[in-house]
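The structure appears below as structure tokens.
To find a chain, count down the sequence lines: A is the first, B the second, and so on, and within it residues start at 1.
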Amino acid sequence: MNIRFFPLDFDYKLKENKVVVYLYGKMEDGTNICVLQEHQPYFYARWKPSLEALSPSSSQPDSFPPEFQQLSLETSDGVARTTAVEEVERELLGIKSTFWKVYANYPKAVPVLAQQLESSGLEVYERDILFIHRYLRDHGITPMTLVEAQGEFVPDQNLRVPVFLAQQLQQFSQEAVQKLKILSLDIETYAEKKEISPVQNPILMIGLYGQDQSGLEFRKVLTWKRFQHELGYVEHVQDERELLERFRQIVIDYQPDIITGYNTDGFDFPYLKVRADKYNLILNLGRDHSELLAGTKSFRDGEAKIKGILHLDVFKFIRNIFGKDLKTDSYSLDAVSSELLGYKKHPVNLDELSHIWNHDPDKLVDFCIYNLHDAHLAFKLCELLLPDMIEFTKIIGLPTFDLIRMRFSRLVENYILKRAIEYKVLAPNKPGEYESGQRREESIQGAFVYEPTPGLYHNIVVFDFRSLYPTIITAHNIGPEGFRCPCCADTEHVPEQETYWFCQKEKKFLPTVLEELILRRADLKRLIKEEKALGHEIKMLEARSYALKLLANSFYGYLGFFGARWYCIECAASTTAYARNYIKKTIHQAQEKGFPVIYSDTDSCMLLLGEKILSQAFEFMNEVNFSLPGSMELEFQGSYPSGLFVALKSGEKGAKKKYALLSSDGQVKITGFETVRRNCSPIAKEIQEHVLQLALTEKVPEAVRYVRDMIKKMKQGEIPLEQLIIKTQITRELDSYSSIAPHVAIALRLQQQGESILPGTVVEYVIITGEGLVRDRAVLPDEARERKYDADYYIYHQILPAVSSILAVFGYTEDDVAADSSQIGLGKFF
DNA sequence: GGCTCCCGGGG
DNA sequence: GTGTACGGGAGCC
């Protein structure tokens, strides 16, 4: 019989010497299912091409060495065997040749066999392609989309879902799965002094939020403390063990397609696992009854898996892929939710949770609301971003679980790997340790950045090249295959790289697959325009366009990424060389037209309108576009009433990549100024932002007054302690630190006082007055309440560095700002 | 100036 | 799972 289903999550098992792929998914009517199909692992091999083998007169490779036909190696988890060998034609870096396709008896046998062949003098390829990925590519199966299988349902295979054994399996259509049942979770744990310690501290509550296909909500907060409340969704249990047990049962009963949360890979699931282990409780949540897989080695990093349920950690997707286009520089749930959803977290003071848990349980109501709200936010984010995740899945063709946890270089590589099947192209190997080290040493000249003259400017117009690097790569056929091809040595060479050239005769593999991305996106944009005009839903189309854009833009970086299979540093160098050439030409043309250029970075050009009008600037743009090859194009980016460029710390030179623009709607767009991290005081960022705002609107005297006022407040001890706290994490055992930074000094002291300082502890400190190194004057915030904070440290290491470059544009030195305020304030130190 | 360490998210 | 992050900034020596 035939069935159709949407595969969501993947696994494989060995059964009676067969390798069986498990495709967990749901059918069109919403029924859960697991489809099984056999697949055989393999890799490629050939003799190392000798010099004579490269000459046309040499014979084709011999047959596969007979001693390897029946290769059999004992390993710790079984006997690795070659099961079959085929001769195939493949292309490797532009050169076609014959390879042996060597089949293995199970996936983990591949690296073992490959190693053996390699040490016998063969070259081996594609020995480290994940088995599931191999399977999906070989069958042309796209997760999350409709797949058809021929076979039959088979009796219980000890899974929680019906099992269908497939003889045949193929893609049915590009239709993406809809109406998924998503369950989101969030845990709250006991933590004193922000110390997160799963070994020591229990989970206090677990919030769950879900929606099924019909939109019916599921809300639950489990907790093991009793208190008064009127929340219908709170369920009390006896103790932590029962909490975990109840959680286990709820997940199993709810049967979600997707389980989600925020940093669930790095926090919630590993924590749940550690706590469950403590009670010898097995969280057998898998559709095959397997245990939750999370953070086995240590607490941080890692991935959490539940077999058969697609676990999407929203944080990972945002950090790795989606977040680059967000305004926020923090990927906290609060910041991300406010920007994407318009909701903030429920306001509670988490620092109080542990105390309230012990001493004032009736106040826990607010924390239950908070807990459920967080789970709800993660749910909404997952729902919102799912179209983007699905589109990445469709383009790259790998499990969504894997994709959202990848960085761009791996996304690009996996896209190329998918296309390589169609072109019968073999993947070059990843670099070994030595090669990797060599590559890390290599560097190339980057983009051209015009050095700005510090100052405040008015009427700025900004143009930039649309997808500059991708369009250069395709327009000039840049890629490892056509690099210095013998056939084109006397054609055009790369600007400033006179010994580099690329094939002009034949479009090569890498630029071709990139061009396909660009063309697909261009088609898509036309379609979006049409659909939009018709009033149709375009959310999925826009998600796809976005995914295509991100992938295309990552190709350049991929070529120069040391871990890349298709690494080609000369290609990366040529791309930037062409880019510098184009942008310099553009600057030159602008100046010739009478537009002063104040700044330019990589692909953008900022010029001053002066006495001219906007339409004249457009004329200039059209003129530039007339002379560009391929799909290269200069576009209008925007116009700004004012912009501020600052100088480098030392000297007159303008700082590159550091400026602020004021748009006509009053928004300040900040680029390159200190993004404030946890180990900076909150006061520094606040002052910097306010000063930029004032400077751009020409309220410089007010800005100076403001800074002096803040310095005065600082000196008078009026800055609240909270604004001064610097936070740093202890990441290892204390005795393994060789250099004693302030946070380590604090931790050592705490340890001497008998506190246990585990890796992961966040130390908060304030710098107080006194003698000696900064580290000797770092104290805990509580201790600082009794002491004087070191106003000078905060003024000279936090405030002034944040604002001095801005005020310097208007002629104020640090001394002007600081010294003058000393006259106003308690100026005895000056 | 080189080296070593920490940052992210999460309570 | 046919595996293990990354790139950057700050402070100490």
Rounded to whole angstroms, how far apart are [atom1] on [X] and [atom2] on [N]?
| X | N | atom1 | atom2 | result |
| --- | --- | --- | --- | --- |
| A:Leu411 | C:dC6 | CG | P | 13 Å |
| A:Leu377 | B:dG9 | CG | C1' | 15 Å |
| A:Phe408 | C:dA5 | CZ | C1' | 15 Å |
| A:Asp334 | B:dG9 | CG | C1' | 13 Å |
| A:Trp357 | B:dG11 | CH2 | P | 15 Å |
| A:Tyr793 | C:dG11 | OH | C1' | 9 Å |
| A:Leu326 | B:dG9 | CG | P | 11 Å |
| A:Ile129 | C:dG3 | CD1 | P | 11 Å |

Of the options [options], whose atoms approach the side-chain atoms of [X] most closely?
| X | options | value |
| --- | --- | --- |
| A:Phe561 | C:dC6, B:dG9, C:dG1 | C:dC6 |
| A:Arg319 | C:dA5, C:dG3, B:dG10 | C:dA5 |
| A:Tyr370 | B:dG11, B:dG10, C:dG1 | B:dG11 |
| A:Ala191 | C:dG1, B:dG11, B:dG10 | B:dG11 |
| A:Asp351 | B:dG11, C:dG7, B:dG9 | B:dG11 |
| A:Phe315 | B:dG11, B:dG9, C:dA5 | B:dG9 |
| A:Tyr262 | C:dG1, B:dG11, B:dG10 | B:dG10 |
| A:Arg407 | C:dA5, B:dG10, C:dG3 | C:dA5 |
| A:Pro111 | C:dC6, C:dG3, B:dG11 | C:dG3 |

Would you measure the distance from the [atom1] atom in [N] across to the matching atom in [M] and give it in whole Å?
| N | M | atom1 | value |
| --- | --- | --- | --- |
| C:dC6 | C:dG1 | P | 14 Å |
| B:dG10 | C:dG3 | P | 32 Å |
| C:dA5 | B:dG8 | C1' | 11 Å |

Quiz question: by atom type and distance under 3.5 Å, do the side chains of [X] and [Y] form a donor-acceptor pair?
| X | Y | value |
| --- | --- | --- |
| A:Tyr190 | A:Glu240 | no |
| A:Gln37 | A:Tyr135 | yes |
| A:Asp186 | A:Asn371 | yes |

Mind checking if [X] touches a base, just sugar-phosphate, or nothing, with heavy atoms under 4.0 Å?
| X | result |
| --- | --- |
| A:Leu333 | sugar-phosphate |
| A:Asn349 | nothing |
| A:Ser330 | sugar-phosphate |
| A:Phe131 | base |
| A:Tyr42 | base |
| A:Lys345 | sugar-phosphate |
| A:Ile318 | nothing |

| query | More than 12 non-hydrogen atoms from neighbouring residues, nucleotides or ligands closer than 6.0 Å to NZ on A:Lys344, yes or no? | reply |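 No.
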
| Distance under 6.0 Å and angle within 45° of the ring axis: does A:Arg405 meet both against A:Phe401? | yes

| request: Report the relative orientation of the aromatic rings in A:Tyr42 and A:Tyr44; use parallel for angles under 30°, tilted for 30 to 60°, perpendicular for over 60°. | output: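 Aromatic pair A:Tyr42/A:Tyr44 classed perpendicular.
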
| task | Check the angle between the aromatic planes of A:His376 and A:His373 and answer parallel, tilted or perpendicular using the 30° and 60° thresholds. | result | perpendicular

| field | Contact under 4.0 Å: A:Lys316 side-chain N or O vs C:dA5 OP1/OP2 | value |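 No.
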
